[in-house]
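Comments concern the structure below.
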Amino acid sequence: PEDIRGGGGRETGVHRRTFLAAAAALTVLAGRDVAVAAAVPEVASSPPTGAAGDGADPRFFIAGGTSAAVSHGIATPVDVVKTRMQAEPEKYRGIRMATRSIIEDEGPATLVGGLGPTVVGYGIEGALKFGCYESLKPVFLDAFGPAADSAQPFLAAAACAGALASVVLCPMEETRIRLVTDPGFGKGLMDGLPRLLREEGIVSPFSGLGAMLSKQVPYTVAKQVSFDMFASALYGALLGYGWLSQAELSLVVEFGAAVLASVVACVASQPGDALLTETYRKGGGGGLAATVSTVYLDGGLQAFFRGISAR
C-alpha cells in the first residue's frame with residue numbers, strides 16, 4: 001500500500017519502518033539473504049521515529065514510563081503473592097492458598113503493599129528501558145553495519161537499556177520487597193525508603209545490583225527483541241488479509257506480540273527474580289554468588305522458579 005511505502009499524506013513513516021523491519025526479520029528467519037540485504041540498509045539508514053526525525057524521541061520515554069507504571073501498579077496484588085511465595089515457600093505453596101492466607105491473616109490491604117515504590121520505580125525504569133532501547137536501535141544499526149545479523153543491534157540496544165534501568169530501579173525494588181516481606185517495616189514509599197536509607201545507608205540498595213542485572217537484563221532483552229520478532233511475524237502473516245484495516249492490524253499485532261513477549265521475558269528472567277527477592281528480603285549483602293548458593297541449597301534448580309505461576 002502507498003501509506004506503507006511512504007506515499008500516504010498522513011503517514012509519519014512509522015508503518016513504513018515497521019514494515020521494513022518486519023520484512024528484514026522475516027527474511028532472516030526464512031533465509032532469504034537477498035531480501036535482507038535490500039531491507040536492512042533502509043532500516044539502518046532511517047532516522048529514529050520521532051516528530052523531528054533526529055535524536056531521542058521523548059514519546060518513547062513517556063509512553064514506556066506510563067505503561068510500566070500502570071501495568072506494574074495493576075499487578076501489585078499478584079506481585080505481593082509471588083514475592084511471598086518466594087520468600088516463604090513452606091507457608092505459601094500456591095497462588096490461591098497464598099492469596100487466601102494473606103487476606104485471612106493480614107487483611108486485603110496487604111495485597112497492595114509496596115504499591116508506591118512499584119509505581120514510581122517501574123515508571124522510571126520503564127521510561128529508561130523503552131526510551132533508551134528505541135533510541136539506541138538506530139545507533140547500533142549504524143555501528144554494526146548492514147552486513148550484521150539484524151538481531152544483533154536489537155540485542156545490544158536491549159542489553160544496554162536494561163542495564164541502565166536496573167541501576168535506577170535498585171532503591172525502589174529493595175523498598176518494595178522489604179515492605180512486602182516485612183509489613184512492619186513501613187506503610188509505604190514515603191516512610192519505607194527513608195528508613196531503608198537511614199538504617200542501611202545510601203549505597204545499600206546497590207548491593208543487590210548483581211541480582212537486579214540478572215533479572216532485568218534478560219527480561220529486557222527477551223521482551224524487547226522477542227516483541228519485535230513476534231510483531232514482524234504477525235505483520236507478515238496478517239498483512240495480506242483485506243478484512244483488517246491498518247488501525248486494526250496494528251492493534252492486533254501489537255497486543256498479540258506483547259502477550260507472547262511477556263511470557264518469553266517472564267521465563268527468561270525468573271531465576272533472576274528469585275535471586276532479587278532473596279537478596280533484598282533480609283537487607284541485601286552477601287554478593288550474587290552467595291545468593292545463588294543460598295537459593296540452590298534451599299531447593300535446587302526448582303527454587304529459582306518459585307512464584308513463576310504468579311508472574
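One is the number of the first residue; the rest follow in order along the sequence.
- No path of Ile, Leu, Val, Met, Phe, Trp and Tyr side chains, each step under 4.5 Å between heavy atoms, connects L260 with L238, placing them in separate hydrophobic clusters.
- Looking only at distances, no side-chain donor or acceptor of T277 sits under 3.5 Å from a matching main-chain atom of A274.
- You'll find the side chain of V264 stays beyond 4.5 Å of the side chain of K223, heavy atoms only.
- A 4.5 Å side-chain heavy-atom check between T279 and M212 finds every atom pair outside the cut-off.
- The shortest distance between side-chain heavy atoms of L164 and K129 does not fall below 4.5 Å.
- We find the CG-NZ distance between L169 and K215 to be 7.0 Å, quoted to the nearest 0.5 Å.
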Exercise for the section: Check the pair S250 / Y235 against side-chain contact (heavy atoms from CB on, under 4.5 Å), numbers first and verdict last. Expected result: CA-CA 8 Å; S250 297; Y235 265 119; 3.5 Å; yes

Please set out all donor-acceptor pairs under 3.5 angstrom arising from side-chain atoms of residues 106-114, sequence neighbours excluded.
from: E106; atom 1: OE1; to: R84; atom 2: NH2; distance (Å): 3.0
from: E106; atom 1: OE2; to: R84; atom 2: NH1; distance (Å): 2.9
from: E106; atom 1: OE2; to: R84; atom 2: NH2; distance (Å): 3.4
from: T110; atom 1: OG1; to: E106; atom 2: O; distance (Å): 3.1
from: T110; atom 1: OG1; to: G107; atom 2: O; distance (Å): 3.1

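- At a threshold of 4.5 Å between side-chain heavy atoms, the hydrophobic network of Ile, Leu, Val, Met, Phe, Trp and Tyr places Y280 and V295 in two separate groups.
- No donor-acceptor pair closer than 3.5 Å links the side chain of S204 to the backbone N or O of G201.
- L193 and V180 are assigned to two separate hydrophobic clusters, defined by single-linkage of ILVMFWY side chains at heavy-atom distances under 4.5 Å.
- With contacts defined as side-chain heavy-atom distances shorter than 4.5 Å, the pair L276/Q216 does not qualify.
- Neither side chain, T175 nor R195, offers a donor N or O lying under 3.5 Å from an acceptor on the other.
- Put simply, the side chain of S207 never gets that close to the backbone of V203: no donor and acceptor are under 3.5 Å apart.
- Evaluation of the side chain to side chain donor-acceptor pair (under 3.5 Å) rule for Y133 yields D228 as partners, not counting sequence neighbours.
- When all heavy atoms of E248 and W243 are compared, the closest pair comes out as OE1-O, 3.8 Å.
- Residues A163 and L213 approach most closely at CA-CD2, 3.8 Å, considering heavy atoms.
- Listed here is the closest heavy atom pair of P205 and C170: O-CB, 3.6 Å.
- A donor-acceptor pair shorter than 3.5 Å can be found between the side chains of S101 and D105.
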Contacts table for residues 300-310: side-chain donor-acceptor under 3.5 angstrom, sequence neighbours left out:
from: R306; atom 1: NH1; to: D298; atom 2: OD2; distance (Å): 2.8
from: R306; atom 1: NH2; to: D298; atom 2: O; distance (Å): 3.2
from: R306; atom 1: NH2; to: D298; atom 2: OD2; distance (Å): 3.4

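- Look at R178 and E173 and you find no salt bridge, because none of the NZ, NE, NH1 or NH2 atoms lies under 4.0 Å from a carboxylate O.
- No donor-acceptor pair closer than 3.5 Å links the side chain of S269 to the backbone N or O of G272.
- At least one side-chain heavy atom of Q152 sits less than 4.5 Å from a side-chain heavy atom of D149.
- Of the possible polar contacts, none joining the Q270 side chain to the V267 backbone as a donor-acceptor pair under 3.5 Å is found.
- Of all heavy-atom pairs between F61 and A127, the closest is CD2-O, 3.1 Å.
- A distance of 9.5 Å separates CZ in F227 from OG in S232, rounded to the nearest 0.5 Å.
- Within a 6.0 Å sphere centred on CG of L297, other residues, nucleotides and ligands contribute more than 12 heavy atoms.
- Considering every non-hydrogen atom in both V139 and S135, the closest pair reads CG2-O, 3.7 Å.
- A 4.5 Å side-chain heavy-atom check between E174 and E200 finds at least one atom pair inside the cut-off.
- I62 is not connected to Y122 by any chain of hydrophobic side-chain contacts under 4.5 Å among Ile, Leu, Val, Met, Phe, Trp and Tyr, and they are in different clusters.
- If you chain together hydrophobic residues whose side chains sit under 4.5 Å apart, M85 and I177 never meet in one group.
- With rounding to the nearest 0.5 Å, the separation of OG in S293 from CG in L288 is 11.0 Å.
- For D182 (side chain) and L179 (main-chain N/O), no donor-acceptor pair under 3.5 Å exists by modelled atom type.
- Here the OG1 atom belonging to T76 is positioned 4.5 Å from the CG atom belonging to L115, to the nearest 0.5 angstrom.
- Counting only heavy atoms from C-beta outward, the side chains of F130 and S67 never approach each other to under 4.5 Å.
- Side-chain contact between L234 and V252 is absent, with no heavy-atom pair separated by less than 4.5 Å.
- To the nearest 0.5 Å, atoms CZ (F60) and CG (L128) are separated by 15.0 Å.
- The two residues I102 and Y92 make their nearest non-hydrogen contact at CG1-CE2, 3.9 Å.
- The distance from atom OG1 of T118 to atom CD of E125, rounded to the nearest 0.5 Å, is 11.5 Å.
- For D79 (side chain) and A75 (main-chain N/O), no donor-acceptor pair under 3.5 Å exists by modelled atom type.
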